[in-house]
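Everything on this sheet refers to the single structure shown next.
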Amino acid sequence: LENLSFTGGNIEIFCNDSLLNLKGLKNLSSLNGDLSLGVRVQEDYCGTYDFGNPSLENLIGLDNIASINGDLTVAFNPSFQNFNGLYKLASVDGNFWIEGNDTLENLHGLEKLIYVNGDLEIRKNNSLKNYQGLDRLIYVGNDLWVQESESLESLSGLEALTIVGGTIDIGINPVLS
């Protein structure tokens with residue numbers, strides 16, 4: 001996929017045990033759908049199943065993406081450390097979910113992000129200490145969820161946020177002060 005520059009649909013990447021980064025997508029500059037790096041499957045009677053990429057450390061390879069015209073999901077990647085690689089990302093037209101990334105300590109790599117049109121949900125990232133990296137984010141079109149992060153000490157990094165179009169839900173962050 002090294003020559004791929006555009007996709008009109010979704011990209012879903014999950015259950016790739018040895019995948020460290022996304023260098024193979026280095027020429028991708030336009031995404032007209034969702035980008036999902038890990039998924040949650042809800043089954044009615046059998047429970048919920050999370051499928052991530054156990055070795056994924058960062059997003060190097062997505063360096064040319066300035067906007068995503070759908071949802072962005074980064075979830076259930078236990079080795080994920082930072083958002084390095086999304087250096088040009090300025091807007092997400094849908095929801096942005098960051099969940100269950102056990103080694104994520106901050107949001108560095110998202111320094112150009114200013115706009116999320118849907119929900120911004122950041123939860124269950126147990127090493128996340130603050131929101132540094134979102135320093136330029138000014139707009140969330142719907143709900144802002146800050147939940148269930150055991151190490152979250154502060155909301156530092158959200159100082160520029162001026163508009164949240166829906167509910168702000170901050171809960172179950174035992175060391176947040």
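With a 4.5 Å cut-off on side-chain heavy atoms, Lys112 and Arg136 count as touching. Using a 4.5 Å heavy-atom cutoff, the side chains of Leu35 and Thr73 are not in contact. Ile138 places none of its side-chain heavy atoms less than 4.5 Å from the side chain of Leu161. Ile98 places a side-chain heavy atom less than 4.5 Å from the side chain of Asn125. Considering only heavy atoms from C-beta on, Val175 stays 4.5 Å or farther from Leu152 through its side chain. Between Phe76 and Glu99 the shortest side-chain heavy-atom distance falls below 4.5 Å. You'll find the side chain of Leu107 stays beyond 4.5 Å of the side chain of Leu86, heavy atoms only. By the 4.5 Å heavy-atom criterion applied to side chains, Leu28 and Phe6 are not counted as neighbours.
Ion pairing between a basic and an acidic side chain is recognised when a charged N comes within 4.0 Å of a carboxylate O; Lys23 and Glu2 show no such pairing. With respect to the salt-bridge test (charged N to carboxylate O, under 4.0 angstrom), the residues Glu105 and Lys129 do not qualify.
Put simply, the side chain of Ser79 gets close to the backbone of Pro54: a donor and an acceptor are under 3.5 Å apart. Proximity of a side-chain donor or acceptor of Asn77 to a complementary backbone N or O of Ala75 within less than 3.5 Å is detected. Of the possible donor and acceptor atoms, one in the side chain of Asn64 sits under 3.5 Å from a partner among the backbone N and O of Lys26. Using a distance-only test at 3.5 Å, with no hydrogens or angles considered, no donor-acceptor pair links the side chain of Asn16 to the main chain of Ser18. With hydrogens and angles disregarded, a donor-acceptor distance shorter than 3.5 Å links the side chain of Asp135 to the backbone of Gly133.
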So Leu158 and Val140, side-chain contact (heavy atoms from CB on, under 4.5 Å) or not? Walk me through it. CA-CA 11 Å; Leu158 292 178; Val140 174; over 6 Å; no

Step by step, work out the side-chain contact (heavy atoms from CB on, under 4.5 Å) result for Leu120 and Leu137. CA-CA 11 Å; Leu120 175 58; Leu137 181 68; 3.7 Å; yes

Apply side-chain contact (heavy atoms from CB on, under 4.5 Å) to Leu59 and Asn21, showing your working. CA-CA 6 Å; Leu59 301 181; Asn21 57 52; over 6 Å; no

Checking Ile168 against Asp143 for the side-chain contact (heavy atoms from CB on, under 4.5 Å) test, could you report, in this order, the C-alpha distance in whole Å, the side-chain angles of both residues, the deciding distance, and whether it holds? CA-CA 6 Å; Ile168 298 174; Asp143 298 339; over 6 Å; no

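Nearest heavy-atom pair, Ser55 versus Asp17, reported as atom, atom and distance to 0.1 Å: OG-O, 2.6 Å. The shortest heavy-atom contact between Ser91 and Leu89 is O-CD1, 3.5 Å. Taking all atoms of both residues into account, the shortest heavy-atom contact from His108 to Asn82 is O-CB, 3.8 Å. The nearest pair of heavy atoms linking Gly38 to Phe14 is CA-CB, 4.1 Å.
The OG1 atom of Thr103 sits 5.5 Å away from the CD atom of Gln81 when rounded to the nearest 0.5 Å. Note that NZ of Lys88 is 12.0 Å distant from OG of Ser67, once rounded to the nearest 0.5 Å. Note that OG of Ser149 is 5.5 Å distant from OH of Tyr131, once rounded to the nearest 0.5 Å. Rounded to the nearest 0.5 angstrom, Ile13 CD1 and Leu19 CG are separated by 6.5 Å. Here the CG-CG distance, from Asp71 to Asn95, works out to 4.5 Å after rounding to the nearest 0.5 Å. Rounded to the nearest 0.5 Å, atoms CG (Leu22) and CG (Leu37) are 6.0 Å apart.
Linking ILVMFWY side-chain heavy atoms closer than 4.5 Å, directly or via other members, places Tyr87 and Leu25 in two distinct hydrophobic clusters. In the hydrophobic clustering of this structure, Ile114 groups with Ile163; members are Ile, Leu, Val, Met, Phe, Trp, Tyr whose side-chain heavy atoms approach within less than 4.5 Å, directly or through other members. Grouping the Ile, Leu, Val, Met, Phe, Trp and Tyr side chains by contacts below 4.5 angstrom, directly or via other members, places Leu128 with Leu176. Hydrophobic clustering keeps Trp97 apart from Ile65 (ILVMFWY residues linked when any side-chain heavy atoms are closer than 4.5 Å, directly or through intermediates). A continuous path of hydrophobic side-chain contacts links Leu110 to Leu144 [ILVMFWY only; heavy atoms under 4.5 Å].
Within 6.0 Å of CG on Leu1 lie no more than 12 heavy atoms contributed by other residues, nucleotides or ligands.
Ring geometry, Phe96 versus Phe83: the interplanar angle exceeds 60°, so the pair is classed perpendicular (tilted spans 30 to 60°).
Residues Gln147 and Asn173 have side chains that never bring a donor and an acceptor to within less than 3.5 angstrom of each other. In the model, Asp119 has a side-chain atom that pairs as donor or acceptor with a side-chain atom of Asn142 under 3.5 Å.
Residue Pro78 forms a side-chain contact (heavy atoms from CB on, under 4.5 Å) with just one option from Asn53, Leu104, Asn101, Asp102, and that option is Asp102. Here the rule is side-chain hydrogen bond (donor to acceptor under 3.5 Å, both in side chains) with Asn69, and of Asn32, Asp93, Asn117 only Asn32 fits it.
Residue pairs meeting the side chain to side chain donor-acceptor pair (under 3.5 Å) criterion with at least one member in residues 151-163, sequence neighbours excluded: Gln132-Ser156.
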